[in-house]
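Report on the following structure.
Counting convention: from 1, in listed order, for ligands and their atoms alike.
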Amino acid sequence: MAKVKTTFACQSCGSTYAKWQGKCTACGEWNTIVEEVIEKQEKGEVDWRESQESSSGKPRKLREVEVGESYRIDSGDSELNRVLGGGITPGSLVLMGGEPGIGKSTLLLQLAIKLKGWKVLYISGEESEKQIQQRALRLGHENEDCYILTETATHKVFHYIKELQPDIVVVDSIQTMQSRTIESTPGSVSQIRECTAEFQRFAKETNTPVFLVGHITKDGHIAGPKILEHIVDTVLQFEGDRNHVYRILRTIKNRFGSTAELGLYEMQGNGLRIVENPSEILITQKDENMGGVAIAATMEGMRPMLIEVQALVSTAFYGTPQRSATGFDAKRLNMLLAVLEKRVGVNIGTKDVFLNIAGGLRVEDPAIDLAIVAALMSSYQDVAISMKYAFAGEVGLSGEVRAVNRVEQRIQEAEKLGFEKIYISKYNFGKRNNMPKFKIEVVPIAKVYELLKHLDL
Ligand code: TYD
Ligand code: MG
C-alpha cells in the first residue's frame with residue numbers, strides 16, 4: 001500500500017503547510033488550517049485529462065486562433081442572460097454561490113427543465129431523483145431532453161457525460177463531488193479544487209457550459225478557497241432575505257460581460273419568477289402620504305430602481321438609544337445621524353432610530369443617502385413627504401450633497417414612473433447648468449439643510 005501523504009491546507013485561501021499552525025501566514029485567518037490526505041493517482045487509472053487529446057498544448061499565434069462567432073445560448077431566462085452578459089457562453093464554467101435555501105437548486109433546475117431544444121444533464125449530490133422529480137413537476141416540466149444523475153464520484157460522472165453527450169451540465173453542488181485522484185473528504189479544499197479543475201478541463205475541451213452550485217460559509221464567502229473563484233469564468237451570487245420573496249442574482253466576476261449586472265426574481269409557489277419592473281413592486285402603492293417614508297432613485301448594477309425607505313424615529317426609553325437598520329449599513333446610518341446632529345442642528349442623537357429598506361433588498365448605492373435623510377427627518381418631524389418625490393444623492397460629512405453616477409438614468413426612471421419631482425445634487429450637472437430637459441421637475445441641492453427647507457421639515 002502506498003504511504004499516506006498528508007498536507008495542512010488553509011480552508012480559506014488554499015495555502016498548504018507541512019505542519020499544523022493556528023494562523024495561516026498567507027491570508028492571516030485563524031483556525032482555518034486542516035489536515036488533508038493527498039494521494040497521487042495510481043498508474044493505469046485514467047481521468048478526463050488523459051483520455052482527451054490535448055489541443056491546447058502548443059504555443060500558437062494569437063491571430064491564428066479561430067474565434068468563430070461569439071455565440072451565446074439563450075437560457076430562456078432574461079435575468080440570467082443579463083447577468084451572464086447576454087446568454088450562456090459555450091465552454092464557460094459558472095459558479096453560483098448563495099446561502100442554503102435561497103433558491104440555487106430551484107433556479108438551475110428551472111433552467112434545466114425549461115431549456116427546450118438542448119440536452120441538459122443535472123447532476124445532484126444532495127437530493128434524490130424522487131425529490132428532484134417532485135420539484136420539477138412543481139416548476140412545470142417542459143424539456144423532454146433533461147436528464148438527472150445522482151452521483152458524487154467525478155470519474156463516474158464523466159463516464160455518463162461521455163455516454164450522454166449533453167449540451168449543458170449542472171452540478172449541484174461542487175462541495176458534494178469527490179475525485180478519486182485525491183483522498184480527502186468531499187467538501188475539503190483539495191477536493192473542491194480538484195473537482196472544479198476537472199469540470200473546467202471538461203468544459204474547455206468539449207465547449208460545454210458547466211454550472212456549479214457552491215455553498216456559502218457563515219461570513220458570506222463561497223466555501224472553499226478563493227482559488228475556486230480564480231478557476232471559474234463567472235461567479236454569480238444569489239442573495240436576498242429568506243423571509244422575503246425577492247431574490248437578487250449578482251455577478252461577482254465575469255469573463256464574458258460586465259459585473260455591474262443584476263437580475264431580480266420573486267420566489268413563488270411554483271418556482272422563481274422574473275421581476276420585469278422592479279420599481280413598481282418596491283414602492284408601496286398608496287395614495288395617502290405617510291410620515292417617515294421617502295423614495296430613493298438608486299442604481300442596482302446598470303438598472304435604475306426606485307426603492308422605498310422607511311424610518312422610525314422615536315423617543316428612547318433606555319439610556320443608550322437603539323439604532324437598527326435592515327438592508328442598509330448601520331455604520332452609515334450612524335454617520336447620517338451625526339451629520340443631521342452636527343451640521344443641521346437636529347437633536348436626533350438621543351432618539352431610537354429604525355430604518356428599513358422595502359422588499360428585503362440590501363442597497364449599497366450611496367445615492368440612497370438623501371432619501372434616508374429625508375425619511376429620518378420626516379419621521380422626526382412627523383411630516384409626510386409626498387410619494388411623488390424621489391431622491392438621489394450621496395451625503396458627505398460636512399452635510400454637502402454629492403454627485404452620483406448615472407443621474408440621467410435615475411431621473412428618467414422616476415419620470416417614467418410618474419414622479420413629479422426629483423431631488424439631486426447640485427454638482428451633478430456642473431456649474432454651467434448643462435442639464436438636459438426633463439418633464440419631471442429636477443431640484444438641485446447643495447446642502448442637506450437646503451433639502452429640509454424645501455420639504456418644510
Ligand atoms: P432551494 O432551491 O433548494 O435552495 P438552495 O438550493 O439554494 O439551498 O430552495 C429554496 C427555497 O425555496 C425552499 O426553502 C423552498 C422554496 N421554494 C418555493 O417557495 N417555491 C418553489 O417552487 C420551490 C421549488 C421552492
Ligand atoms: Mg440546493
Starting from [atom], which protein heavy atom do you reach first, and at what distance in Å?
| atom | result |
| --- | --- |
| atom 7 (O) of ligand 1 | Lys104 N, 2.8 Å |
| atom 16 (C) of ligand 1 | Met267 CE, 4.0 Å |
| atom 4 (O) of ligand 1 | Gly103 N, 3.1 Å |
| atom 23 (C) of ligand 1 | Arg138 NH2, 3.7 Å |
| atom 20 (N) of ligand 1 | Gln268 O, 2.6 Å |
| atom 8 (O) of ligand 1 | Gly101 N, 2.7 Å |
| atom 22 (O) of ligand 1 | Gly271 N, 2.7 Å |

So for ligand 1, is Leu139 a polar contact partner (N or O within less than 3.5 Å, distance only)?
no

One finds that the ligand 1 atoms under 4.0 Å from a non-hydrogen atom of Asn270 are 22 (O)

Going by the order shown, which atoms of ligand 1 are within less than 4.0 Å of some heavy atom of Pro100?
8 (O)

So, 2.8 Å as the limit: is an N/O/S atom of Ser105 located closer than that to the Mg ion (ligand 2)?
yes

Quick one: which of Arg273, Arg247, Arg303 gives a salt bridge (charged side-chain N to carboxylate O under 4.0 Å, His left out) with Glu79?
Arg303

Parallel, tilted or perpendicular: rings of Tyr389 and Tyr423 (30°, 60°)
perpendicular

If we ignore angles and hydrogens, is there a donor and acceptor under 3.5 Å between the side chains of Tyr265 and Asp77?
yes

Which of the listed options, Ile102, Leu108, Val213, Thr106, holds the heavy atom that is closest to atom 9 (O) of ligand 1?
Thr106

dist Phe199:CZ -> Ile123:CD1 (nearest 0.5 Å) comes out at 5.0 Å

Under 4.0 Å, heavy-atom basis, I'd like to know which part of Ser105 is in contact with ligand 1: side chain, backbone, both or neither.
both

